[in-house]
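Every heavy atom of this structure was used, including side-chain atoms; hydrogens, water molecules and symmetry mates were not. The first residue in the sequence is number 1, and the count goes up from there.
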Amino acid sequence: MRVPGRGLTQDARLVPFTFDGKGHAGRDGDTLASALMGEGVRLVARSFKYHRPRGVLSAGSEEPNALVTVEGVPNTRATVQEIWDGMSARSQNAWPSLAIDAMGVNDLLDPFLGAGFYYKTFMWPRTLWERLYEPVIRRAAGLGRLSGHADDAPFEKAWAHCDLLVIGAGPAGLMAALVAARAGADVILADEGARMGGRLLAEVDPVEGRAPHLWADGVVAELREMPNVRLLPRTTVTGAYDGGTYGALERVGLHRAPVAHRPVECFWRIVAKRAVLAAGAIERPLAFPDNDRPGVMLAGSVRTYLNRWGVVPGPRIAVYGNNDDAHRTARDLAAAGLKVAALIDTRGEARIEEAGFPVMTGARVVGTRGRLGLAAVTVEGVGGRREFEVDGLAVSGGWSPAVHLTCHLGGKPAWDERLQAFLPREGAVPGLVACGAANGVFSTAGCLRDGLRAAGESLEALGLAVPPVEVPEAEGEAGTVGPFVLASGGRQFVDFQNDVTVKDIRLSAQEGFQSVEHMKRYTTLGMATDQGKTSNVPALAVLAEALGSPVASTGTTTFRPPYTPVSISAMGAGGQGVGFAPQRLTTSHQAALQRGAPMIEAGLWYRPSYFPRPGELSWRQACDREVAMVRHSVGVCDVSTLGKIDVQGPDAAAFLDFVYSNTMSTLPVGKVRYGLMLREDGFVMDDGTCARLGLQHYVVTTTTAAAAQVMRHLDFVAQVLRPDFDVQCVSVTEQWAQVSIAGPWSREMVQAVVEADLSDERLPYMGCAEAAVLGVPGRVFRISFSGERAYEIAVPARYGASLWRLLVAQAESLGGGAYGLEALNVLRIEKGFITHAEIHGRTTAFDIGMERMVAKGKDCVGWASSRRPGLLDENREQLVGLRPLVRTGQITAGAHLYGRDAAAMRENGQGYVTSACWSPTFETALGLGFLKGGRARHGEVVRLVDAMRAVETLVEVTEPVFLDPEGGRMRG
């Protein structure tokens, strides 16, 4: 069905491919749909419910019918899938073949399979649900078939920032991008088509005195040469999110034969200061009996296939519509030498020009004939009924602007009675301006002008001057549209993929499912892969008629991202193997590796476990040395992995009082306070420090593992629980490198690099200050996680590696050096400091002996819950220290605690061990754990049993603090 002299690919090379095992040939630049149409193939799919024969309906991503499996990937839209040499495509949802489908028997059961039949049919008898109904339904359900193999194809992800994101490269989008680019803005132009130009590739009316596609090519060429423009063809913007963020899916390798290491798709996260929506509009079908036969297509799509790809569904085509745009299709078909069997217009007073083919006004299509392909249509008009033998029927029920992205943040579109369409509401997505057909402007000249307007508004918001640009001369007639019409009798399909009919929608209203959202779920309309792009507005018109109300009051369903299907592999690109979780490396990572340090994962970070030296044969030897180093000389540890959150604003102090169990508003500037955060159920979420750098400026530190959790919690509190607070929270964990220097020689070593007075008077224990570090702006905190005098120096991350190397070298000159996580763990257990081994989500402030940190004079998150009697019971498991009676006795984390003479069984359980180590300071094993009524049992002997490791030890219950209980060492 190639039309000589028509199409932009008429001189392209032939491309061989197969469909259902049969060889075909298309032209380079064809989609699978246009290539099959050119080969005379009209039957390409079967519908989901009734397995009715279906052909291509549209020419874009809105396609509900032509879903195929390409190289093992199911549910590929033939209308957007480009062909390549040797491509193999297969039909789906049919067995044993597309032409003879055994499940087509469902079509004969239509009287029994109306909307909601499964809700009513499969409820009785209940015993048959698991044995009969569910297995049968599961075998019949599903669209397409997965291969069953892991997808090892490469996918990619990317991030981009720009001044202006232009969504759609039709006349409005090209105009907006051109104006913004000439103004000097950083522009990203994204279009889902393989070739930019949109409707200009499908029309023949000249733009600026030349073919419209040539004008589009010229604009694209100019944009391609500009350094401030990024062109993203084959890229669909799939969702609008907070903060000017947009998701976009780029088809990178789907139009070419698979090649190793070439990404199939790339998912973009684009952050734009402003955006222009020029996504065009989607044509609507009309409802009439048996309107789903192969060969029935949207009129605008027929024009697209003719003018862009030079193919048509057959030599005899009728056109049926309720608007002037349908006349353009009839005109172009006739000009190409094809037989226009008839132009049927539902309007009684339609504008008729000299046509050269039969024109019927005030008429309706009332039936079709032909099973595997359209053969004839029956038309009812003023003169009665008449049948036309045709191979194709081009239908048009008007156009629906693609408002989807404007609704992704909760906005609702507004109904326009004149256009019979929903239009985007201004400001529904902050910073997004709609233009062109997406804004209800349907003429080419109008789109060009509206694109210029949208660009001007965006540039003004960006503070850029609008350059002088002349709007090209173009077709300026948008035409009119009539109301949506319905024929009587027969099955009139509205949602083609799910086989939802006019009768189903009326039944929904009749049975009380009158809300548009309820109707959608009762009938399954709009719940297929096309998300109701072609069926939404016609369905609303039918529902409005059934309810006797206008479409405007009926409303529309909720539009949610993604706009088109997005493969999970694209969204999770790289999420396998080492890419399953982010690898977070400290600035000193390479330096630690050079010293032979093995790495251990801690909250996605890689941290050195220990630093071996020549002659050390085990990790224990290195660990013992590093602990002794800190206790007697000085040690250096990279603590950049601790979460660091900047909290600023007039209400920062009140906000921190609300999120911490203890009071932070009384903290003086230049001081640090230890704090607890509770969950809303009263249990401890995290602990850490809060440093006050200014009257409205705090820095909160968290544990490494809970940094993200605490950041989410602070955002939730600020946005939901206390939106009245004027406060901002920003994670700065990666912005600052932080190094701990601990030990008797720590002050002398820190003083050598920090340009500030570090005396006890100027920087006492739990003090902080902003100070230069060898000329670099930094911060110094006097806090300790080891029990020794200690300082933490923070510098911008770019200086972190050099600072760590310098400090380690200085420490080694003093008999110290670097220490890792193993030594850090021993040091904190000796001192009785807790980590998430102890605050593991099931412990309260009372359990860890910090109930006095839950202030009684103020409210905070979790305060009320923490006062529940059950959480203050003296018999609860409480934090204790554990020391073996015999110096060589073992203590293992995870071991259970029992009475000295009790059997090791669940009923006798008294508690458990959370942390354990060998202490070189005390030359014995030490442990922390929880024991029922533990604080009253100091001095008691209990039995420790670790059945998995075959360890059994008698241990003494002690205070959790083993070293320097008074704290004199760290206070200096």
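At distances below 3.5 Å, not a single donor-acceptor pair connects side-chain atoms of Ser34 with backbone N or O atoms of Asp30. Remark: the backbone N or O of Gln531 is not paired with any side-chain donor or acceptor of Gln497 at under 3.5 angstrom. Distance alone, capped at 3.5 Å, is enough to place a donor-acceptor pair between the His51 side chain and the Asn93 backbone.
Residues satisfying the side chain to side chain donor-acceptor pair (under 3.5 Å) test with Thr79, not counting sequence neighbours, are none. Judged as a side chain to side chain donor-acceptor pair (under 3.5 Å), and not counting sequence neighbours, the contacts of Trp268 are Glu250.
Contact record, Glu265 with Ala570: OE1-CB, 3.7 Å, taken as the closest heavy-atom pair. Ser301 and Ser58 get closest at one heavy-atom pair: OG-CA, 3.2 Å. Taking every heavy atom of both residues into account, Gly197 and Leu174 meet most closely at CA-CD1, 4.2 Å. Shortest non-hydrogen contact noted between Arg251 and Thr236 is NH1-OG1, 4.3 Å. Counting all heavy atoms, side chain and backbone alike, Ile83 lies closest to Arg27 at CD1-O, 3.8 Å. Contact record, Gly398 with Asn323: N-ND2, 3.1 Å, taken as the closest heavy-atom pair.
Between His24 and Phe19, the ring-plane angle classifies as tilted under the 30° and 60° cut-offs.
Of the charged side-chain nitrogens involved, none lies within less than 4.0 Å of a carboxylate oxygen, so that Arg77 and Glu62 do not count as a salt-bridged pair. Residues Arg210 and Asp217 are not paired through a salt bridge, judged by the lack of any N-O separation under 4.0 Å between the basic side chain and the carboxylate. The residues Asp290 and Arg293 are annotated as salt-bridged, a charged nitrogen and a carboxylate oxygen being separated by less than 4.0 angstrom. Using a 4.0 Å cut-off between charged nitrogen and carboxylate oxygen, Arg52 and Asp292 count as a salt-bridge pair. Electrostatic pairing of Arg328 and Glu203 counts as a salt bridge here, judged by a charged N lying under 4.0 Å from a carboxylate O.
Sorted by first and then second residue, the salt bridge (Lys or Arg N to Asp or Glu O under 4.0 Å) pairs involving residues 32-51 (not counting sequence neighbours) form an empty list.
With contacts defined as side-chain heavy-atom distances shorter than 4.5 Å, the pair His404/Ile282 qualifies. Here the side chains of Thr534 and Arg284 are not in contact, with every heavy-atom distance at 4.5 Å or above. Using a 4.5 Å cut-off on side-chain heavy atoms (C-beta onward), Ile167 and Leu405 make contact. In this structure the side chain of Ile317 never reaches within 4.5 angstrom of the side chain of Leu393, judged on heavy atoms. Inter-residue side-chain proximity for Leu374 and Thr368 is flagged as met; some heavy-atom pair is nearer than 4.5 Å. Contact of the Arg303 side chain with the Asp325 side chain is registered, since non-hydrogen atoms from C-beta on lie closer than 4.5 Å. Two residues are said to be in side-chain contact when any heavy atoms from C-beta on lie closer than 4.5 Å; Val296 and Val395 meet this criterion. Side-chain contact between Leu67 and Gln92 is present, with heavy atoms from C-beta onward closer than 4.5 Å.
For the residue pair Thr529/Asn75, the side-chain donor-acceptor check at 3.5 Å is not satisfied.
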Under the side-chain contact (heavy atoms from CB on, under 4.5 Å) criterion, do Leu8 and His213 qualify, and how do the steps go? CA-CA 9 Å; Leu8 307 182; His213 71 275; 3.7 Å; yes
Should Glu82 and Arg256 be marked as a salt bridge (Lys or Arg N to Asp or Glu O under 4.0 Å) after you check the CA-CA gap, both sets of side-chain angles, and the distance that decides it? CA-CA 8 Å; Glu82 299 166 69; Arg256 296 178 284 184; over 6 Å; no
Step by step, would you call Asp332 with Asn307 a side-chain contact (heavy atoms from CB on, under 4.5 Å)? CA-CA 8 Å; Asp332 287 3; Asn307 294 329; 3.0 Å; yes
How far apart are the C-alpha atoms of Phe155 and Phe267, what are their side-chain angles, what is the distance that settles it, and do they pass the ring pair (Phe, Tyr, Trp, His ring centres under 6.0 Å) test? CA-CA 8 Å; Phe155 289 80; Phe267 192 78; over 10 Å; no
Derivation and outcome, salt bridge (Lys or Arg N to Asp or Glu O under 4.0 Å), residues Arg234 and Asp191: CA-CA 6 Å; Arg234 299 186 179 91; Asp191 187 83; over 6 Å; no
Working note: Asp499 + Arg54, criterion salt bridge (Lys or Arg N to Asp or Glu O under 4.0 Å); need CA distance, chi angles, decisive distance, verdict. CA-CA 11 Å; Asp499 285 328; Arg54 291 288 162 79; 2.7 Å; yes
Run the numbers on Lys520 and Val500 for side-chain contact (heavy atoms from CB on, under 4.5 Å), then give the verdict. CA-CA 10 Å; Lys520 172 181 178 179; Val500 179; over 6 Å; no
Give the C-alpha distance, both sets of side-chain angles, the deciding distance and a yes or no for side chain to side chain donor-acceptor pair (under 3.5 Å) between Ser91 and Asp20. CA-CA 6 Å; Ser91 59; Asp20 279 348; 2.8 Å; yes
Audit row: Phe484, Val537, side-chain contact (heavy atoms from CB on, under 4.5 Å) steps and yes/no: CA-CA 9 Å; Phe484 190 79; Val537 173; over 6 Å; no
Go through the steps to decide whether Glu387 and Arg369 satisfy the test salt bridge (Lys or Arg N to Asp or Glu O under 4.0 Å), and finish with yes or no. CA-CA 10 Å; Glu387 185 177 82; Arg369 181 164 52 83; 3.0 Å; yes
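Cation-pi geometry between Lys22 and Phe17 is not met at under 6.0 angstrom from the ring centre and within 45 degrees of the axis. A cation-pi arrangement is absent between Arg316 and Phe388 under the rule of less than 6.0 angstrom and at most 45 degrees off the ring axis. In this structure, Arg6 forms no cation-pi arrangement with Tyr305, as its terminal cationic atom is not both closer than 6.0 Å to the ring centre and no more than 45° off the ring axis.
Residue Leu525 holds its CG atom at 4.5 Å from CG of Asp495, rounded to the nearest 0.5 Å.
In Arg145, the CZ atom is not crowded: 12 or fewer heavy atoms of neighbouring residues, nucleotides or ligands sit closer than 6.0 Å. Other residues, nucleotides and ligands contribute only 12 or fewer heavy atoms inside 6.0 Å of the CD1 atom of Ile100.
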